[in-house]
Structures are given as structure tokens and as C-alpha cells.
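What follows is a single structure, written as C-alpha cells, with notes after it.
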Amino acid sequence: MLQVYLKNIKLKTPLMTASGTSGHGNELEVLENSPTILSALGAFVTKGVTLRAKEGNSEFRIVETDSGLLNSIGLQNEGAEFFMKNELPGLRSFGLPVIVNISADSIEEFGKLASYLSDNDSDQIISAIEINVSCPNIEKGGIAFGTDPIQVEKIVNKVKNSIDDRISIITKLTPNVTDITIPARAAINGGTDALAMINTLRGTAIDIYTCKPMLGNKTGGLSGPAIKPIGLYMIYECFEKIPECNSRQVPLIGLGGISRWQDVVEYIMAGATAVGIGTACLVNPDLFPNIYSGLKEFIEKKGCAISELTGIAHSP
Ligand SMILES: Cc1cc2nc3c(=O)[nH]c(=O)nc-3n(C[C@H](O)[C@H](O)[C@H](O)COP(=O)(O)O)c2cc1C
């Protein structure tokens, strides 16, 4: 039994795409033409959508590291109107709950974007909005919203008051903080339905021949196997220390460095209900069916439902 629930959203498996690593769907012929990938997935999470189109950062935008990937894409996308008209309708054919990841430069803009998506989703395709609080707040000098709990609470509350009740809210936290339970608590106070963690960790790489940073943006976000212990630790901390997470009233979605079914089991045992997989899929898009089979076999041998394993690592 691999079925799990993120509040009222039923996922047939706990496996989800990670925002930014599977596009907005319509460029994803791999997914469209692969029933095995679609049947392994529990939900589709889109790349970040912003109110207006964004060109993204200058090149280079991706640098490989020893055990991960640095990216500074800069949220390139065609904007909310284009997404709603040209991309969202195609996602319906996946037959999966659709989670739309959103970013903005100010709290007001988060509200406008969320209400635009909610008001224009006449076919009710969107199951949840995932708020990316790792983006910079231009009104506060470009510091990421997610590092300031007051801002996190305000954004979540703004989004909550801007959308239809049927759409759930997931808040995606940045790991670039000292204590992850502080922004997690703020998001819960703001009314989030679930928490996703982690986004990428800030990092850089230097080209020793040009003597300059390799990324056009100078710094970027680190993802992939290198960050798994950090993501796992942050899920563990939230499950351990936040009663609403421990009781699963606010379910946790684990991300960071997952590339094998065993990684998924670790995240679930640490406290996650579902997981997102990003960088590893860029290397191997067929990863989802492989992870699904390993997970299914493990659960069958254990003779339990996967949901029974959530947080089991905390048992005395
Ligand atoms: C190329 C790339 C683009 C990303 N774009 C977004 C994005 O638009 N919104 C977001 O919330 N996270 C974004 N992320 C972060 C991922 O969703 C995920 O949280 C992170 O990469 C950790 O998971 P992983 O190690 O499995 O990749 C991006 C990551 C990568 C590698």
C-alpha cells in the first residue's frame, strides 16, 4: 500500500516531481509518453510560476559539483497568464494531482498571483499551491523571504486569503537558516496545510582559469546527493519538535538528494509523508519507476502500509 494523503489530496504513491526539474508539463514528452513514469508518481509539481514572465539569470546557469548540482536558473518562465492558458490544461492528461509552485518579489505580489491562479482555474485542475519562500524580497533588499519568519507567516496568510478553500497550501522552506523549525512554525501560524523541505542550499564554484565565479549569477543553489543528510535532518527536526507535524495535522514533504528507493524510506522514517525528487531525475528520467518498484517490494516484504512508517525513526 503506497497510497498517502497530503491533507485531503490523495496520492497513489508518495513520489512527486520536485519543482523546477520537470518543467511546466507540456515540454515533458518523456512524461506524457510514459505510462510507467506516470503510474509511479503520486503528484506533479510544476516549475516556479511568477506573475509576469521572467527571462532568468545570465549563463552559466548550471554547474556540476562532485556530488550535486549548482543552479541559478532565476525562475525563468512565461508568467501566470501563459501558464494558465497554455500549460495547465495539458497537465490534466497526467491524471495526477497538480501542485503549482509559485514565487514573487513581494507579499502583495504573492497574493495577486495566488488569486489569479485560483480565479482562473475553472476546470479545478490545481490541487495545491506550493509557495516558494526562497525567492528574494525586493522590498527588503533582496533577502530571501524564507529566512524571516514574520514574512513567511504573512505570505502564507496572504495566499490563504487569496485562494479558493478547495486549493491546499504547501509552504516550501529554504534550508539557508539556522533553525528550520522557526520558519516551519511561522508557516503553520500563517495557515499552511503542509510543509515541503528543502529547497537548495546557497553555494558557488570558481573557474580557476578565468579566475571568476562559474555561474552568471555568481552564486546558486546546491541540490543532489550532497544535501540529503541536511534535508533528512530538517524533516527529522520538524517531526520531532513541532506537534502539528508529529500528529500529521501538517504533513511533511521531504526533498533533497533522493536518488534511490532507500532514500525515500529514510525520509519517510524521519517524518515525511511524501517526497519530491529533482536532480536525480535530470540524470535519469526513468528513475521514478525504479524507485517505485523498490519501494513496493520493500513495503510488501514489511507487510505494512507506507503511511505507517512516517516518523517511525522517532519511536522510543
Ligand atoms: C534546475 C533546478 C530548478 C529548480 N527550480 C525550482 C523552482 O522553480 N521552485 C522551487 O521551489 N524549487 C526549485 N528547485 C529546487 C528543487 O525543487 C528541490 O527542492 C531541490 O533541488 C532539492 O531536491 P533534489 O536534491 O532532489 O534536486 C530547483 C532545483 C533545480 C536543480
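Both ligands and their constituent atoms are indexed starting at 1 by order of listing.
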Does any N/O atom on Leu282 come nearer than 3.5 Å to any N/O atom on ligand 1? no
Would Arg202 and Thr219 satisfy side-chain hydrogen bond (donor to acceptor under 3.5 Å, both in side chains), going step by step from the backbone distance to the final call? CA-CA 7 Å; Arg202 192 146 285 281; Thr219 65; 2.5 Å; yes
Which protein non-hydrogen atom lies closest to atom 6 (C) of ligand 1, naming both residue and atom, and how far is it? Ser19 O, 3.2 Å
min-distance protein heavy atom vs atom 18 (C) of ligand 1 -> Lys172 NZ, 3.7 Å
With distance as the sole test, does Ser19 use its side chain to make a donor-acceptor pair with the main-chain N or O of Thr46 at under 3.5 Å? yes
Return yes or no for this condition: an N or O of Thr21 is under 3.5 Å from an N or O of ligand 1. no
Determine, for Arg185 against Glu153, whether the closest basic-nitrogen to carboxylate-oxygen distance falls under 4.0 angstrom. no
Among Asn71, Ile198, Val49, whose heavy atom sits nearest atom 2 (C) of ligand 1? Asn71
Do Gly224 and ligand 1 have an N or O pair less than 3.5 Å apart? yes
Ligand 1 atoms nearer than 4.0 angstrom to some heavy atom of Thr200 are 20 (C), 21 (O)
Nearest non-hydrogen atom to atom 24 (P) of ligand 1 belongs to which of Ala18, Gly254, Gly257? Gly257
Between Asn199 (side chain only) and Thr174 (backbone N and O only), is there a donor and an acceptor less than 3.5 Å apart? no
Before you tell me yes or no, could you show the steps for Glu308 and Lys302 under salt bridge (Lys or Arg N to Asp or Glu O under 4.0 Å), namely the whole-Å CA-CA distance, both residues' side-chain angles and the distance that decides it to 0.1 Å? CA-CA 11 Å; Glu308 291 173 57; Lys302 255 195 140 4; over 6 Å; no
Can you label the angle between the Phe145 ring and the Phe110 ring as parallel, tilted or perpendicular, going by 30° and 60°? perpendicular
Can you tell me which residue and heavy atom of the protein come closest to atom 21 (O) of ligand 1, and the distance to 0.1 Å? Ser223 CB, 3.2 Å
In terms of relative ring orientation, are Phe298 and Trp261 parallel, tilted or perpendicular, with 30° and 60° separating the classes? tilted
Can you name the atoms of ligand 1, numbered from 1 with element, that are less than 4.0 Å from a heavy atom of Thr279? 24 (P), 25 (O), 26 (O), 27 (O), 31 (C)
Let me confirm one number: the CG-CD1 distance from Asn120 to Ile126, rounded to the nearest 0.5 Å. 9.0 Å
Suppose we measure from atom 26 (O) of ligand 1 to each protein heavy atom; which comes out shortest, and what is that distance? Gly278 N, 3.0 Å
For atom 5 (N) of ligand 1, closest protein heavy-atom neighbour: Gly20 CA, 3.3 Å
State the atoms of ligand 1, each with its element, that fall below the 4.0 Å cut-off from a heavy-atom position in Leu75. 8 (O)
Is the shortest distance from a Lys or Arg side-chain nitrogen in Asp105 or Arg52 to a carboxylate oxygen in the other one below 4.0 Å? no
